[in-house]
Structures are given as structure tokens and as C-alpha cells.
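Down below is the structure, laid out as C-alpha cells.
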Amino acid sequence: MQDYQTQKSTVLDILDKHQTMPGNLLPILHGIQDTLGYIPPAAVADIANALHLSKAEVHGVISFYHYFRDTAPGKHTVRICRAESCQSMNGKALENHAKQHLNIDFHETTADGRFSLEPVYCLGNCACSPSITIDNEVFGRVTPEKFDQLLACKGAE
Amino acid sequence: MTRLFISRDSTALSLGAEQVVTAIQQQAAAKGQSVEIVRNGSRGLFWLEPLVEVETSEGRVAYGPVEVSDVASLLEAGALEGKQHPLYLGNIEELPYFKNQDRLTFARVGLTDPVNINDYIANDGYRGLKNALNLQPAEIVKQVTDSGLRGRGGAAFPTGIKWNTVLNAPAEQKYIVCNADEGDSGTFSDRMIMEGDPFVLIEGMTIAGLAVGATQGYIYLRVEYPHAQIALNQAIAAAYANGYLGDNIQNSGKTFNLEVRMGAGAYICGEETSLLESLEGKRGLVRFKPPLPAIVGLFGKPTIVNNVISLASVPVILDKGGDFYRDYGMGRSRGTLPLQLAGNIKHPGLFEAAFGMTLRELLYEYGGGSASGRPIRAVQVGGPLGAYVHEGQFDTPLDYEAFAAISAVLGHGGIVVHDETVNMADMARYAMEFCVEESCGKCTPCRIGSTRGVEVIDRIVDGVEKDKNTVLLRDLCNTMTYGSLCAMGGMTPFPVLSALNHFPEDFGLKSKA
Ligand SMILES: Cc1cc2nc3c(=O)[nH]c(=O)nc-3n(C[C@H](O)[C@H](O)[C@H](O)COP(=O)(O)O)c2cc1C
Ligand code: SF4
Ligand code: FES
Ligand code: FES
């Protein structure tokens with residue numbers, strides 16, 4: 001885990017930029033996660049302070065939303081769609097394959113820190129199920145073989 | 001210079017459209033051929049993506065599905081002049097799948113450059129706004145009411161009535177909120193509009209602002225849609241730069257400002273009051289109704305919350321009149337619904353049609369049956385909270401009331417096909433599991449009931465006191481249906497009970513017949 005002191009100025013900067021925006025908490029959390037990859041627990045006090053909220057309130061918001069995370073993710077985040085359309089096209093087998101291939105469960109990161117695995121409920125790519133994303137890229141009709149290829153490409157980076 | 005069209009739609013990208021663009025650029029350049037590639041929206045015939053369309057003197061000629069390895073032979077065969085090739089499809093608009101649609105809301109998707117405002121205007125864009133600027137607010141609302149448009153987000157509430165409530169709510173500040181959370185699995189029409197014709201949504205929201213006196217709009221977009229975010233922000237910037245958003249819209253003295261806000265992966269934030277909480281920066285807990293958001297909405301002010309497709313259907317209504325739109329459809333379902341064919345289906349895609357076509361026609365005539373070639377066994381219509389329908393119900397017309405009559409819903413128009421390998425007890429269990437995962441936690445039947453639901457289904461499947469547990473499951477569903485604050489807990493019984501009633505054999509129970 002990184003030292004918060006090196007991240008603090010980024011957080012304060014983002015807080016500053018959103019000061020007058022109505023309903024600014026989610027944009028702030030996105031800003032932090034986009035930049036740092038996650039929302040450091042130590043940032044909660046600074047956020048609460050700037051927004052005149054309690055720490056519990058800020059923590060409550062972070063924990064409510066599946067997308068926000070409070071630990072550093074792997075180098076790449078792989079999201080596998082678990083929803084119905086993908087299930088109809090063997091999504092479940094793909095999910096099992098992915099867990100086995102990476103040797104982790106959902107919400108975990110590989111020991112080498114390269115991949116985090118997350119479930120997702122529909123990517124709007126249901127016309128080409130099953131679907132996954134790797135970071136911000138969407139892939140359709142993903143077979144276990146294609147999954148391995150895609151990860152091999154990313155792993156080499 | 002030859003003009004080509006290759007989509008920037010996420011599904012096209014998910015199949016390698018970007019790589020095809022690069023390959024064509026490189027290989028055409030190597031041959032000394034100059035090409036301009038327009039990144040359009042998708043035509044919505046997804047089994048043909050990545051689709052390459054070439055502009056010729058006789059109109060557009062399409063090739064697809066194109067892989068990088070096809071590019072050399074395409075250029076060799078003279079595809080840039082529209083010549084024959086095994087992937088040659090001719091004019092995409094002549095294929096029955098496209099030709100037999102009623103593309104009102106999707107009129108421009110796939111045709112234009114989504115973020116080029118001149119292209120938008122040259123293709124009938126901003127005509128609705130122009131008319132609206134010459135009307136009184138009540139007259140705008142009347143057009144929408146006359147059109148018979150009902151909310152496309154799921155609940156099918158008449159849009160004109162909602163707008164009228166906000167119009168008549170006195171307040172200094174009102175808001176237009178676009179629900180672009182599109183959490184329903186099997187749906188992607190909102191995404192296709194936002195990526196393929198974002199200006200039509202911007203125009204619809206601007207008209208809504210004029211209609212009720214709201215000067216600020218927000219698009220609440222799910223975080224799973226990064227490409228839609230890019231397209232929307234590009235289009236919004238262009239609209240500001242050209243006087244279509246801001247403080248003096250087309251020199252009318254009218255103001256409308258618009259901003260995109262990102263969700264964070266919570267299905268419940270598609271529920272309108274949860275969405276408003278989220279926009280205010282809070283946990284997405286569902287609010288009690290009344291008061292309606294139309295009276296006490298965002299930051300406590302009167303607010304229109306409408307789905308993307310509802311708002312994107314407004315420009316054509318204001319352009320051609322409420323009567324024009326109302327002439328499509330059947331019964332109390334007026335206009336068109338962009339249907340989304342997904343799952344185990346040979347020809348998945350977007351099919352905008354007037355209400356009234358049967359599900360069977362869509363599944364077989366256009367969808368081509370299952371992708372696997374095995375018989376279709378169950379079809380979930382209307383997202384994860386929609387019922388599973390079986391073969392015996394496929395002749396039901398796609399119409400809100402006809403679906404209600406078979407204890408099903410049309411919802412946002414998503415259609416997910418399962419072939420005979422599906423296990424419906426698994427699907428019922430998944431529905432309960434999804435409710436556990438996504439419940440906002442405010443009320444007990446949903447928060448606790450869904451967890452109990454998973455357990456009870458497991459017991460039935462494991463053969464533990466089958467009959468007693470089946471009664472218990474029905475009881476639990478009854479409590480969820482009538483005791484939940486919102487449709488998350490209230491409608492989860494739809495997929496569960498339809499699976500149980502139509503496919504009892506999958507639960508190890510005696511079949512009906
Ligand atoms: C659990 C739940 C999820 C919902 N998700 C969405 C959604 O993703 N998009 C949407 O437009 N409406 C969704 N709705 C419906 C909204 O609450 C609301 O009816 C709709 O935004 C109103 O707009 P419309 O009248 O234009 O459909 C959802 C409702 C519930 C109960
Ligand atoms: S039904 Fe579920 S999602 Fe809806 S308010 Fe109750 S707990 Fe929240
Ligand atoms: S259900 Fe998987 S992308 Fe929609
Ligand atoms: S949480 Fe609503 S009754 Fe306890």
C-alpha cells in the first residue's frame with residue numbers, strides 16, 4: 001500500500017476543483033479513483049472535511065457503490081459479465097475458467113499484482129455475449145481460448 | 001478520396017472495429033488509395049459487425065463481418081469501388097432486418113457522424129427544437145401528451161402527464177434528469193443512441209427544459225459506458241460551441257445547461273429516486289413516494305426524470321407532430337419501441353418497430369432462431385426483473401397491456417433468448433441472487449427476502465421438503481411483491497415465479513402437463 005502522504009496533494013487538488021459543484025461527492029470519488037486507481041481509506045478524512053460531512057457518511061457512500069474500491073487494484077482490471085444474456089452464451093463457464101486461469105476469486109488480485117477480477121452485471125454488449133472488459137476496453141463473444149489470448153497480450157505489457 | 005463508415009459503437013469495438021480501421025488505413029495507404037473513415041454509430045445488425053460501408057455513386061455498399069485478415073482481399077477485390085466479395089452485403093438498408101423497421105428514434109444512428117453537429121443538422125436534426133422555440137411551454141407539453149409516448153425506462157408512465165406536473169409546479173429552479181443508467185441486462189438501446197446519435201438526446205432534453213422551464217439538465221450515465229461518455233461530452237461541447245446549449249439558445253434568450261454525471265455500478269441507481277440521491281452525492285437509497293420527483297426531485301426541486309429513449313423520441317414528435325408519432329403502434333402503446341435482441345440468438349441486434357409485432361415474428365423472422373441451432377426454450381423480456389416467457393406465449397404482441405395480461409412486462413425492450421440447455425431453477429436462483437447483490441437495503445422483504453429466496457430455491461432443488469418449500473417460496477414472493485418499497489424487491493418474483501410456473505421440471509417438481 002502506498003503512503004498516503006504522496007497521494008494527499010492529488011486528493012486535495014481534486015477536492016479543490018469540485019468545490020462549488022452541486023452534488024460533488026461522486027465526481028470527487030471518480031476523480032480520485034481515476035487518478036490513483038482506488039480511494040485510499042486515509043483520504044476519507046480529507047473528503048469529509050472539505051465537504052462538511054462525517055467520515056461515516058463518506059465511507060457509507062464509498063461502500064454503497066460496487067465500482068468504488070479502497071484497495072489498490074492490479075495493473076489490469078478484468079470484469080466479467082455475470083448477467084442473463086452472457087449466461088445464455090456460456091458465460092458461467094467463462095467465469096469459472098477465468099477464476100481458474102488467474103487462480104483467484106472475484107474481488108481479488110493475482111499474487112504478481114497483474115490482474116484484478118471483478119464481476120459486472122451487464123456491459124450493454126449483450127448482442128455479442130459473453131462479454132468482458134479489460135480496463136476500459138470491451139470484448140465480445142469471449143471464449144476461454146480468446147480470454148487466454150487477451151490476457152496474454154496484457155500480461156506481456 | 002473514398003469515404004468509408006466503420007462504427008465507433010462499443011459492440012463493434014468489442015469485435016475489433018478499431019483494428020479493422022487501422023488495417024484499412026495502412027493497407028490502403030500502401031496501395032496509394034486515399035480513404036476517409038467516418039466513425040458512425042452502429043446500424044444495429046450486430047452479427048454483421050465489424051461492418052464496413054463504402055460510399056459509392058449508387059449509395060452505400062456494405063461488407064461484413066470484417067476481420068483484419070479480410071482487409072487485404074477486400075481491397076484486392078475492389079471493395080473501395082463497391083465491388084463483389086464474399087463479405088459483400090449490398091445496401092444494408094435493403095436487408096429485411098433493417099428495411100422492415102420503423103426507425104423514428106434511431107433515424108440517424110449508423111447514418112451520420114455522431115459527434116458532427118453539421119451532419120446532425122443536415123439530417124433533420126434540431127428541427128424539433130426550432131418548432132419548440134416558437135411554442136408556448138403548454139403547447140410543447142401538449143404535443144408530447146398527444147403523441148401517446150410512455151416512459152421507455154420500464155414503467156411506461158405517460159411522459160406528457162409527467163411533464164405537465166413539472167410545468168405546473170411553481171419553482172425558481174427545475175431540473176431535467178436523463179436516466180442513462182441502463183442497468184437492465186439484455187438492453188443496449190440507450191447506449192446505442194448515446195454513442196450513435198448523442199445530439200438527439202441533447203435536443204430532447206433541451207426541448208424538455210423549454211417545456212417546463214428548467215434551465216439545468218443532468219445525464220446520469222452508468223460507469224460501464226465509457227464510450228458513451230466520450231461521445232456525449234464531444235456532442236455537448238459542439239452544442240455549446242454552436243449556440244444549441246447555454247444562456248441564449250439560438251438567440252431565443254432561453255437557457256439550458258447540460259452535464260454528464262457518472263454512476264458507480266449500482267443497479268438500484270436506475271430507480272429514479274435512488275438516482276436522484278446518487279446525483280446529490282449520497283448512497284442510492286430509494287425514497288418514499290409521494291412526494292413525486294416531479295414535485296420534490298433533485299435538490300428538492302421539481303424534476304423530470306426520463307429514460308434516454310423517452311427523451312430521444314421527443315425531437316421527432318416536435319418535428320413531425322404528436323399525431324405522426326401516435327399513428328404508430330397498437331392499443332395504448334403508441335409509437336415505436338427499440339427492441340434489443342440478445343443472448344442465444346442468431347441475429348442479435350437493435351430492431352425499432354411499432355408496437356404490435358409478435359414476439360415470435362421477432363425471434364424467428366428477424367432473429368433467425370437461436371445461435372446454437374437448438375430450440376428456444378425460454379425468453380426473458382424486460383430485463384432482470386422481467387418474466388420468462390415460454391414457447392406457448394410467443395404469439396403475444398409486443399404491447400404493454402398484452403404483456404401485462406400474461407403476467408410479463410415489456411420494460412425497456414430487452415429480449416434475452418435461452419436455448420433448451422438452460423436450467424430455469426438456476427435462472428430463478430440467479431434472480432434472487434441479483435436482488436441480494438443490488439438491493440438498496442431500505443426494506444426488509446427485498447433485503448432479507450432475497451437471501452431467504454436463494455436458500456429456499458436451493459432446498460427445493462436439493463429435494464429437501466420439496467412441497468413445503470415450494471409453498472414457502474410462493475409465500476416469500478408474495479411478501480416481496482406486496483411488501484417492497486420499489487420494483488427491485490417488488491418485481492424479482494416475476495422471473496422467479498415464471499420460471500417455477502412454466503418450468504417446474506427444472507426444480508425437480510412435477511411438470512404441468
Ligand atoms: C430497480 C429499478 C431499476 C431501474 N433502472 C432503470 C434504468 O436503468 N433506466 C431507466 O430509464 N429506468 C430505470 N428504472 C425506472 C425508473 O425508476 C423510472 O421509472 C424511469 O427513469 C422514468 O423514466 P421514463 O418515464 O422515461 O421511463 C428502474 C426502476 C427500478 C425499480
Ligand atoms: S425494494 Fe429493495 S431496492 Fe427497493 S427500496 Fe426496498 S430494499 Fe431498496
Ligand atoms: S448481459 Fe452480459 S453484456 Fe449484457
Ligand atoms: S429495514 Fe425497513 S423495516 Fe427494518
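- Contact of B:T11 with chain A is made through backbone and side chain together, with heavy-atom distances under 4.5 Å.
- Rounding to the nearest 0.5 Å gives a distance of 8.5 Å between CG of B:D419 and CE of A:M89.
- For B:K282, the NZ atom is densely surrounded, since the number of other residues' heavy atoms within 6.0 Å is greater than 12.
- To the nearest 0.5 Å, atoms OH (B:Y225) and CG (A:L123) are separated by 8.5 Å.
- Annotation: maximal heavy-atom pairing with chain A below 4.5 Å, among B:P495, B:S278, B:P226, occurs at B:S278.
- Heavy-atom distances place no part of B:L298 under 4.5 Å from chain A, backbone and side chain included.
- Annotation for A:Y67 and B:G265: closest pair CB-N, 4.1 Å, computed over non-hydrogen atoms.
- Remark: A:H59 engages no residue in a ring pair (Phe, Tyr, Trp, His ring centres under 6.0 Å) (not counting sequence neighbours).
- Within residues 371-389 of chain B, the residues having any heavy atom closer than 4.5 Å to a heavy atom of chain A are B:A371, B:Q380, B:P384, B:Y388, listed by residue number.
- Taking 4.0 Å as the cut-off between side-chain N and carboxylate O, B:E437 and A:R82 do not count as a salt-bridged pair.
- Contact count versus chain B (heavy atoms, under 4.5 Å) is highest, among A:L26, A:V138, A:N125, for A:N125.
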Given ring pair (Phe, Tyr, Trp, His ring centres under 6.0 Å), test A:Y121 with B:Y267 step by step and report yes or no. CA-CA 8 Å; A:Y121 296 89; B:Y267 176 75; 9.0 Å; no
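- The most heavy-atom pairs under 4.5 Å with chain A, out of B:G414, B:S189, B:G343, come from B:G343.
- Closest heavy-atom contact between A:C126 and B:G186: SG-N, 3.3 Å.
- In this structure, B:K301 places its NZ atom where only 12 or fewer heavy-atom neighbours from other residues, nucleotides or ligands lie under 6.0 Å away.
- For the atom pair CG of A:N136 and CD1 of B:I230, the computed distance is 7.5 Å after rounding to the nearest 0.5 Å.
- Of the two parts of B:D9, neither the backbone nor the side chain holds a non-hydrogen atom closer than 4.5 Å to a non-hydrogen atom of chain A.
- Of the two parts of B:H347, neither the backbone nor the side chain holds a non-hydrogen atom closer than 4.5 Å to a non-hydrogen atom of chain A.
- Heavy-atom distances place the side chain of A:P27, and not its backbone, under 4.5 Å from chain B.
- Interface remark: B:M427 contributes side-chain atoms only to the contact with chain A (heavy atom separation under 4.5 Å).
- Taking every heavy atom of both residues into account, A:C122 and B:E224 meet most closely at O-CG, 4.1 Å.
- Residue B:Y430 holds its OH atom at 5.5 Å from CD of A:Q87, rounded to the nearest 0.5 Å.
- For B:R261, the side chain to side chain donor-acceptor pair (under 3.5 Å) partners at least two apart in sequence or on another chain are B:E259.
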From CA spacing to verdict: side chain to side chain contact (heavy atoms under 4.5 Å, CB included), A:F64, B:C440: CA-CA 8 Å; A:F64 182 86; B:C440 85; 4.3 Å; yes
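- By the neighbour-count criterion of 12 heavy atoms within 6.0 Å, atom CD of A:Q5 is densely surrounded, having more than that number from other residues, nucleotides or ligands.
- Here the closest non-hydrogen pair linking A:Y65 and B:A264 is CB-O, 3.4 Å.
- A donor-acceptor contact closer than 3.5 angstrom links the side chains of B:E438 and A:H66.
- Minimum interatomic distance between B:V416 and A:S85 (heavy atoms only, all atoms of both residues): CG1-CA, 3.6 Å.
- Applying the salt bridge (Lys or Arg N to Asp or Glu O under 4.0 Å) test to every pair with at least one member in residues 41-61 of chain A, sequence neighbours left out, gives these pairs: A:K8-A:D46.
- Taking every heavy atom of both residues into account, A:R141 and B:L15 meet most closely at NH1-CD2, 3.7 Å.
- Residue contact with chain B, scored on non-hydrogen atoms closer than 4.5 Å, involves the side chain of A:V120 exclusively.
- Taking 4.5 Å as the limit, some side-chain heavy atom of B:V223 sits within range of a side-chain heavy atom of A:H30.
- The number of heavy-atom neighbours closer than 6.0 Å to CD of B:E420, taken from other residues, nucleotides and ligands shown, is above 12.
- Between the CD atom in A:E84 and the CG atom in B:N344 there is a gap of 14.0 Å [rounded to 0.5 Å].
- For CG of A:D34, the number of neighbouring non-hydrogen atoms (other residues, nucleotides, ligands) closer than 6.0 Å is greater than 12.
- Within the 4.5 angstrom heavy-atom criterion, only side-chain atoms of B:E433, from C-beta onward, approach chain A.
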